[in-house]
Amino acid sequence: MLDLRFIREHPDLVREKLARRGGEYPLEQLLELDQLRRKLIQEVENLRHERKKASEAIGELKRKGKDITAETTRVKELGERLKSLEKELQEIEAQVKTLLLEIPNLPHDSVPLGADEKDNQVVKRWGDMPSFDFTPRPHWEIGEELGIFDFVRAAKITGSRFVVYRGAGAMLERALITFMLDLHTRAHGYREVLPPFIVNEASMIGTGQLPKFKEDLFKLEDWDYYLIPTAEVPVTNLHRSEIVPEKALPLYYVAYTPCFRAEAGSHGRDVRGIIRQHQFNKVELVKFVSPENSYEELETLLLDAEEVLQKLGLPYRVVVLCTGDLGFSAAKTYDIEVWAPGQERFVEISSCSNFEDYQARRANIRYRPQGGQKPRFVHTLNGSGLAVGRTLMAILENYQQKDGTVVVPEVLRPYMGGLEVIEPQDFPV
RNA sequence: GGAGGGGUGCCCGAGUGGUCGAAGGGGGCGGCCUUGAAAGCCGCUGAGGGUCUAGUGCCCUCCGGGGGUUCGAAUCCCUCCCCCUCCGCCA
């Protein structure tokens with residue numbers, strides 16, 4: 001969330017920056033409530049002060065063995081007045097908190113102005129798109145023909161937007177996960193963690209999924225627990241309500257987790273194939289850094305994610321999201337889009353964001369600056385490194401051959417028992 | 001699921017109704033000592049909020065969360081959450 005004091009002191013700036021995102025936010029209402037809140041705080045605190053002094057006096061009288069009945073009745077009245085004011089204040093504060101949680105982060109000044117994804121700007125291209133002497137096919141056709149996807153049985157055991165990976169498909173998914181984890185831990189200095197895939201409500205609020213985006217989440221019945229939509233949630237919340245020493249920064253984490261998304265409102269989008277599933281695997285990079293260099297850290301985070309695609313030989317482009325397409329909690333986001341020749345389009349495969357102190361303030365993640373000064377909020381960043389299912393999709397489409405087989409990228413072969421080509425799976429059923 | 005014990009500051013830990021925001025230790029910061037460091041010694045060191053004359057100011061809140069009793073709660077009561085031990089169940 002935003003800093004209430006900053007909003008109060010720079011309302012025009014905040015208004016203007018929120019306007020860049022488009023949409024309506026309850027800023028004016030918040031400012032009004034904040035004024036009321038501060039007035040109530042003063043009244044309450046004055047009363048408390050009075051009561052405190054009077055109570056102390058009673059203690060003094062009692063010690064001297066004097067009569068205190070007159071004083072106690074007076075203070076009791078004071079207490080009752082205080083109680084009703086406190087209740088009022090509590091309600092106002094709850095409302096302020098609610099409004100604050102519904103206001104998104106302010107876009108960074110380097111984020112291009114724009115209304116929606118059409119205004120995102122391509123900032124980089126890498127790799128040559130493969131040329132084929134046949135018409136390249138989409139991954140769902142390749143995968144089903146190879147027998148590595150089974151959508152029919154997935155629909156039977158669960159429902160739509162699920163898939164069963166079989167044989168070399170399952171192995172390829174597993175190889176990708178391990179390959180990515182190895183790259184980020186060994187070459188990029190990330191610490192590997194394997195967090196819970198289920199988190200509580202406080203964690204979801206900490207990273208910004210709740211309270212606003214409840215409909216995107218799977219919730220466990222009779223529990224205040226949710227399936228994670230991304231490892232960003234458990235990993236960022238690792239340090240919720242902590243104060244870490246400055247010398248511990250920056251903290252780099254990498255985590256493999258499955259991700260669960262209700263995909264409410266995406267009916268009819270990407271219904272074919274494995275691009276948009278209710279459950280998918282992802283390797284996620286998360287950074288906790290000091291505010292001074294978070295934008296440099298965003299650039300290196302992006303490069304760390306890009307390197308996965310480079311090593312796999314998959315062509316891609318990087319776009320910077322415009323203000324209108326920016327996620328709720330993010331101040332700046334780069335998307336990496338991999339080339340999918342079977343669909344003749346680029347598909348998002350990673351999203352790398354700097355949240356500045358927006359999540360840190362929600363989740364109360366701070367660091368103590370060297371020299372023992374007051375704690376400050378860290379900056380948090382995260383990025384997919386990468387979405388595993390979509391990487392598998394890109395491999396099928398970019399490495400497909402005329403005969404329907406798929407070449408395994410060289411870096412993955414050690415992870416697949418030396419397998420060089422994926423051929424039709426020979427299963428009796 | 002049953003029985004018991006516990007949650008206090010950056011960390012550990014004392015504190016069972018009244019100057020208790022809280023002993024002590026660790027850590028951190030500063031100083032002395034030292035060629036330098038370690039050790040030793042001395043001092044400082046919680047967080048959040050409100051306010052103005054903006055000060056090394058004044059005030060309020062915070063001892064797991066919420067509620068209650070009381071003139072007054074870290075301390076008493078209720079409730080919820082979490083952790084530990086034993087038993088049961090279990091991959």
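All figures in this text were calculated on a predicted structure; none of them were measured in a lab. Chain A is the first sequence line, chain B the second, and so forth, proteins listed ahead of strands; every chain is numbered from 1.
Counting only N and O atoms by type, the side chains of A/E173 and A/N281 include a donor and acceptor under 3.5 Å apart. Donor-acceptor pairing under 3.5 Å is lacking for the side chains of A/T207 and A/E232. A/E284 and A/Y253 form no side-chain donor-acceptor contact under 3.5 Å, judged by distance and modelled atom types alone. Remark: the A/Y256 side chain and the A/E192 side chain contain no N/O donor-acceptor pair separated by less than 3.5 Å. Of the N and O atoms on the side chains of A/S329 and A/N105, not one donor lies less than 3.5 Å from an acceptor on the other residue.
Residue A/K374 has a polar side-chain atom (N or O) positioned under 4.0 Å from OP1 or OP2 of B/rG48. Between A/R38 and B/rU51 there is a side-chain N or O to OP1 or OP2 distance below 4.0 Å.
Between the P atoms of B/rG27 and B/rC83, the separation comes to 30 Å (whole Å). Between the P atoms of B/rG9 and B/rA22, the separation comes to 15 Å (whole Å). Taking atom C1' on both nucleotides, B/rG68 is separated from B/rA73 by 11 Å, rounded to a whole Å. Taking the C1' atoms as reference points, B/rA14 lies 15 Å from B/rG21, given to the whole Å. For the C1' atoms, the distance from B/rC12 to B/rG4 is 24 Å, rounded to whole Å. For the C1' atoms, the distance from B/rC63 to B/rG17 is 15 Å, rounded to whole Å. Atom name P, nucleotides B/rU16 and B/rG6: the rounded distance is 13 Å, in whole Å.
Proximity note for A/R368 (side chain, C-beta onward) versus B/rU51, B/rA47, B/rU61: the nearest is B/rA47. For A/S55, counting side-chain heavy atoms from C-beta on, the closest listed nucleotide (B/rA47, B/rG67, B/rG18) is B/rG18. Ranking B/rC59, B/rU61, B/rG50 by closeness to the A/H49 side chain, first place goes to B/rC59. Listed nucleotides B/rC71, B/rC82, B/rG50 differ in distance to A/I41; the shortest reach to its side chain belongs to B/rG50. You'll find that the side chain of A/Q42 is closest to B/rU51, out of B/rG72, B/rC82, B/rU51. Side-chain proximity of A/Q90 to B/rG50, B/rC71, B/rG67: nearest is B/rG67.
Looking at heavy-atom distances under 4.0 Å, A/I243 makes contact with sugar-phosphate atoms alone, never a base. Within the 4.0 angstrom heavy-atom criterion, only backbone atoms of the sugar-phosphate kind lie near A/R8; the bases stay farther away. Residue A/P245 is out of contact with every strand shown, counting any heavy-atom pair closer than 4.0 Å.
Here the P atom of nucleotide B/rG28 and the OH atom of A/Y367 are 19 Å apart, to the nearest Å. Between the P atom of B/rC81 and the CG atom of A/D224 lies a distance of 10 Å, rounded to the nearest Å. Atom-to-atom, CZ of A/R37 to P of B/rC60 comes out at 17 Å; the value is rounded to the nearest Å. Distance, A/R366 CZ to B/rC11 P: 10 Å, rounded to whole Å. Going from atom CG of A/L89 over to atom P of B/rU61 covers 13 Å, rounded to whole Å. Nucleotide B/rG50 holds its P atom 13 Å from the CG atom of A/L40, rounded to whole Å. Atom CD of A/E246 is separated from atom P of B/rG28 by 15 Å (rounded to the nearest Å). One interatomic measurement links the two molecules: CG of A/D3 to P of B/rG48, which rounds to 11 Å at whole-angstrom precision.
Ion pair A/D109/A/R20 flagged as a salt bridge, since at least one NZ, NE, NH1 or NH2 atom sits closer than 4.0 Å to an Asp/Glu carboxylate oxygen.
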Candidate pair A/R8 and A/D3, rule salt bridge (charged side-chain N to carboxylate O under 4.0 Å, His left out), full reasoning: CA-CA 9 Å; A/R8 181 192 308 143; A/D3 181 6; over 6 Å; no

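Stem regions annotated for RNA chain B: B:1-7 with B:81-87, B:10-12 with B:24-26, B:27-32 with B:40-45, B:46-51 with B:57-62, B:64-68 with B:76-80, counting only runs of 3 or more consecutive pairs of Watson-Crick or G-U type with both contacts under 3.5 Å.
Within residues 72-84 of chain A, the residues that have a heavy atom under 4.0 Å from RNA chain B are, in order of number, A/T72, A/V75, A/K76, A/K83.
For A/H188 and A/Y252, the ring centers are positioned 6.0 Å apart or more. Ring centers of A/Y165 and A/F149: under 6.0 Å apart, within the cut-off.
Shown here is A/E24, whose CD atom has no more than 12 heavy atoms of other residues, nucleotides or ligands within 6.0 Å. Annotation for A/E410: atom CD does not count as buried by contact number, only 12 or fewer foreign heavy atoms lying within 6.0 Å.
In terms of position on RNA chain B, the residue among A/N46 and A/E71 whose nearest nucleotide sits closer to the 5' end is A/N46.
A perpendicular orientation is assigned to the rings of A/F328 and A/F213, their planes being inclined by more than 60° (bins at 30° and 60°).
Checked by distance alone, A/E56 brings no side-chain donor or acceptor within 3.5 Å of a matching partner on the base of B/rG72.
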